[in-house]
Number of protein chains: 2
Amino acid sequence: MTESPREAYERPHRPPRAEGTPAADRRAGIREAALRLFAEQGYRSTTMTDIGAAVGIRGPSLYKHVTSKHDLLAEIMIGTMEQLIADNSAAVAGVDDVREQLRRSVEAHIRYHARHRLEAFVGNREIGSLEQPDQARVLARRSDYETRFRELIERGADEGVFRVPAARIASYSILDMGIGVSSWFREGGEFTVDQLAYQYGDIALRIVGAP
Amino acid sequence: MTESPREAYERPHRPPRAEGTPAADRRAGIREAALRLFAEQGYRSTTMTDIGAAVGIRGPSLYKHVTSKHDLLAEIMIGTMEQLIADNSAAVAGVDDVREQLRRSVEAHIRYHARHRLEAFVGNREIGSLEQPDQARVLARRSDYETRFRELIERGADEGVFRVPAARIASYSILDMGIGVSSWFREGGEFTVDQLAYQYGDIALRIVGAP
DNA sequence: TGTCATGGCTAATGGTCAGTAGCCAAGATC
DNA sequence: GATCTTGGCTACTGACCATTAGCCATGACA
């Protein structure tokens, strides 16, 4: 990863690998590298030099593509919450049965946390690193997301389908299980995403007393 | 919290509040302040000046009591895992029934994460901030802790008391639920620690299919 | 009363880092 | 061919920070 000052000095200004790479791809590459590094090292410990090195350019050159380091984090975190909410909406659309709605909601929740584990992991760990108003935006979406699960559980309890002493504890435990997935799941490990989604769906139904 | 340089200059070297405070108390105060600040701002964002200010002294003066900032973090994190393991041992001691062992293990897990939410919160978020060999020590204890739950669940399944498709997913989901508690629980909120412990105990038994 | 240990303090050190300034090559466009 | 835009680069700035060096007041103790 390191290079001598001499090598750096002699490198041509426009490396060949940049040819044929449109601006959008470069931006996406930066975003991806930042995400990976934020997940591995944490936001504060990741330097613009690190992110630049991961895409083959110098730290200051990043500012031709992004406005700030904080902006990279905010984009990742807000995007993550929006996607989770959109996935949830899609999961329950056209379904009436409350039990089936919960199963699909949980499966979508687990799928996202397994498939986008870095986003979810960073999204949960770096909330405190976000400055206002971005932090408030993320927290508002998190609250919205939790409310969807809790109200679903309350509805199931009202209908007599679910049996829970406290809907909020049920919703928290179900959501926190999923958040945990983003910290231990590895592609190619013991379980596939589908297996995980299905089993956690079962677990959620057991939690609400409707196995 | 801020003060003008003039005020700082004129302050006497030995503030009156330090009188009658033994060394051990000062050390404990520093540890406590560091824990709170690490939880609120993150380890990297907390400065020695912050910690000093929280106990009424200057940053450099802290070094009369602690060896380094990293040492403060390591002490917190290793202590947290040791306590969790000790609590678990105490919870299952003298109990043979696997169902009762799981209930008590989960209740101890939840109690710790509610009563010591800052320790648990920092302990989970700052693993990446730990340098070796402390990080390895913490991870080894985490692995040990998880194994206790998983083997308990496997034993329950062997005995025909529990019904789980995968013990590892059951153990992860139970532990992750508890970890979540440390991020949302507030003393004096909707639930007491006892209520929480009992309800999560129930939830865990539902998860393993032995309600 | 004199000496010493303790635990404050300020100043300095050595390092890091986000972001800016300004230069320049190459492709695109006129 | 001339000019403009794009996206690299190096050098620099201003700020921050963990830790060390060295000073000194206070209280304990001889």
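Keep in mind that the numbers below use all heavy atoms, side chains included, and drop hydrogens, waters and symmetry copies. Model, not experiment: these values are computed from the prediction. Below, chains carry the letters A, B, ... as their sequence lines are ordered, and counting in each starts from 1.
In this structure, A:L62 atom CG and C:dA21 atom P are separated by 17 Å, rounded to whole Å. Separating the OH atom of A:Y43 from the P atom of C:dT16 is a distance of 20 Å, rounded to the nearest angstrom. The distance from atom CE of A:M48 to atom P of D:dC12 is 21 Å, rounded to the nearest whole Å. Taking atom CG of residue B:D71 and atom C1' of nucleotide D:dA18, one finds them 14 Å apart after rounding to whole Å. In this structure, NE2 of A:H70 is placed 19 Å from P of C:dC17, rounded to the nearest angstrom. Distance, A:I51 CD1 to C:dT16 C1': 15 Å, rounded to whole Å. Rounded to whole Å, atom C1' of C:dT20 lies 17 Å from atom NZ of A:K69. Rounding to whole angstrom units, CG of residue A:L72 and P of C:dA18 are separated by 11 Å.
Contacts of B:T47 with the nucleic acid, taken as non-hydrogen atoms under 4.0 Å apart, involve only primed sugar atoms and P, OP1 or OP2. Using a 4.0 Å heavy-atom distance criterion, A:K64 is classed as a base contact. Within the 4.0 angstrom heavy-atom criterion, no nucleotide atom of any strand lies near B:S45.
Taking all atoms of both residues into account, the shortest heavy-atom contact from B:Q101 to B:V95 is NE2-O, 2.6 Å.
In terms of position along DNA chain D, the nucleotide closest to A:G59 lies nearer the 5' end than the nucleotide closest to the other residue of the pair A:G59 and A:R44.
Taking a cutoff of 4.0 Å between a charged side-chain nitrogen and a carboxylate oxygen, A:E32 and A:R36 do not qualify as a salt bridge. In this structure, A:R44 does not pair ionically with A:E126, as no charged nitrogen and carboxylate oxygen lie closer than 4.0 Å.
Aromatic ring orientation, B:Y145 versus B:F149: perpendicular (interplanar angle above 60°, classes split at 30° and 60°).
Annotation: cation-pi geometry satisfied between B:K69 and B:Y43 (NZ/CZ under 6.0 angstrom from ring centroid, within 45° of ring axis). The cationic group of B:R103 lies under 6.0 Å from the six-membered ring centre of B:Y198 and within 45° of the ring axis, placing it in a cation-pi geometry.
Contacts between residues 126-135 of chain B and DNA chain D, counted as heavy-atom distances below 4.0 Å, involve no residue at all.
A:R26 places a side-chain N or O within donor-acceptor distance of the main-chain N or O of A:V55, the cut-off being under 3.5 Å.
Using a 4.0 Å cut-off, some side-chain N or O of A:H65 falls inside it from OP1 or OP2 of D:dG8. Phosphate contact (OP1/OP2 of D:dG7, side-chain N/O of A:S61, threshold under 4.0 Å): absent. In this model, the phosphate group of D:dG8 is not approached by any side-chain N or O of A:R58 to a distance below 4.0 Å at OP1 or OP2. Between A:R26 and D:dG8 there is a side-chain N or O to OP1 or OP2 distance below 4.0 Å.
Of the candidates C:dA18, D:dG8, C:dA21, the closest approach to any side-chain atom of A:P60 belongs to C:dA21.
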